[in-house]
Peer 1: 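Input: one structure, supplied below.
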Amino acid sequence: MHFLAIIACSFLALSAASEWGYPDLDKNQDEPFPKWGGLCDTGRKQSPINLHVKGALKGEFSPLKFENYDEHQGALQMVNNGHSIQLSGFAHELTLSGGGLGSDFVVEQIHMHWWSEHTINDIRFPLEVHIVHRNKIYPNMSMAANFKDGITVIGVLYHVSNTPNEAIGSIIKSLDKVKKYDQMNVPTLVADSLAVDDLVPSVDTYFTYAGSLTTPTCAEAVTWIVLTDTHPVTLDQVNQFKEIEYKEDKQLHNNYRELQSENNRAVVLVQQLQERNSAGRMSGLSLGLMLLLGVAVQQSQL
Ligand SMILES: [Zn+2]
């Protein structure tokens, strides 16, 4: 009897784990966010959080280094995994190093959230792209998820524009092949060639903090790098993602996790040290920061 009970329990745990999801905010804006269990409920270093300029520590690091991000990827795979649209299958190792990172990280996959998970100065953006990297000293993602230096995610926020985003557009072109429920978890080839660079704006200024995966298991293994520079996207483009199905005739209208407590963590606003004196770039950087601070001042006056 005990044995059977254990089997039943494991089965229940398994099915619960595969059925985690998001509230459908289009149907009911007040639907409470579901409990995902485990670290997701008990962790103290969870993501996402609100990033605010005024509460951040000032940091200066050497530049982040990107290798092969400019390479055009001709054979990217796309999958609707029921929680997001995910890209993988990079031709060569895309390696991230430098900044405050202690070692080399390679890109594992890219996926998106609509609306954004992180907010900046309490402002939510229509889209957030996550470029998920694994620390090369660990052989795979499940191993890396056990260590606090296991994973680095670059978060890129997109702002509303009336000009379609070309890179996002080339992903959307292949969406029709994965939108339906019966196409879920079936990988398809991204028709357009895409360089990961095309998804990344300036990396001169960013927030960094120690956090977690924003989906179960919510492992606290992530060094977050959320860029303050944003890319444009139209609401029509974002709405295309909202049409993907996670159940028969059920569309994934939103897939962002609710904000988590900061719990006195250090959130650092990094101004990347410039390798060479370049007046033009520096003035651009200061302008970006002033704009960001301007938002903070405006908000405090409300
Ligand atoms: Zn994500």
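The first residue of the sequence shown is numbered 1, and numbering continues consecutively from there. Note that ligands are numbered from 1 as they come in the structure, with each ligand's atoms numbered from 1 the same way.
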Peer 1: How are the rings of Y22 and F33 set to each other: parallel, tilted or perpendicular (split at 30° and 60°)?
Peer 2: perpendicular
Peer 1: For atom CD of E166, is the number of surrounding heavy atoms from other residues, nucleotides or ligands below 6.0 Å larger than 12?
Peer 2: no
Peer 1: Taking everything shown except R265 itself, do over 12 heavy atoms lie less than 6.0 Å from its CZ?
Peer 2: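 Count over threshold, so yes.
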Peer 1: Tell me the protein N, O or S atoms under 2.8 Å from the Zn ion (ligand 1), in chain and number order.
Peer 2: H111 NE2, H113 NE2, H130 ND1
Peer 1: In terms of heavy-atom contacts, does NE2 of H92 have more than 12 from other residues, nucleotides or ligands at under 6.0 Å?
Peer 2: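 No - once you tally the heavy atoms of other residues, nucleotides and ligands closer than 6.0 Å, there are 12 at most.
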Peer 1: Can you tell me if D24 and H253 form a side-chain donor-acceptor pair at under 3.5 Å?
Peer 2: yes
Peer 1: In terms of heavy-atom contacts, does NZ of K180 have more than 12 from other residues, nucleotides or ligands at under 6.0 Å?
Peer 2: no
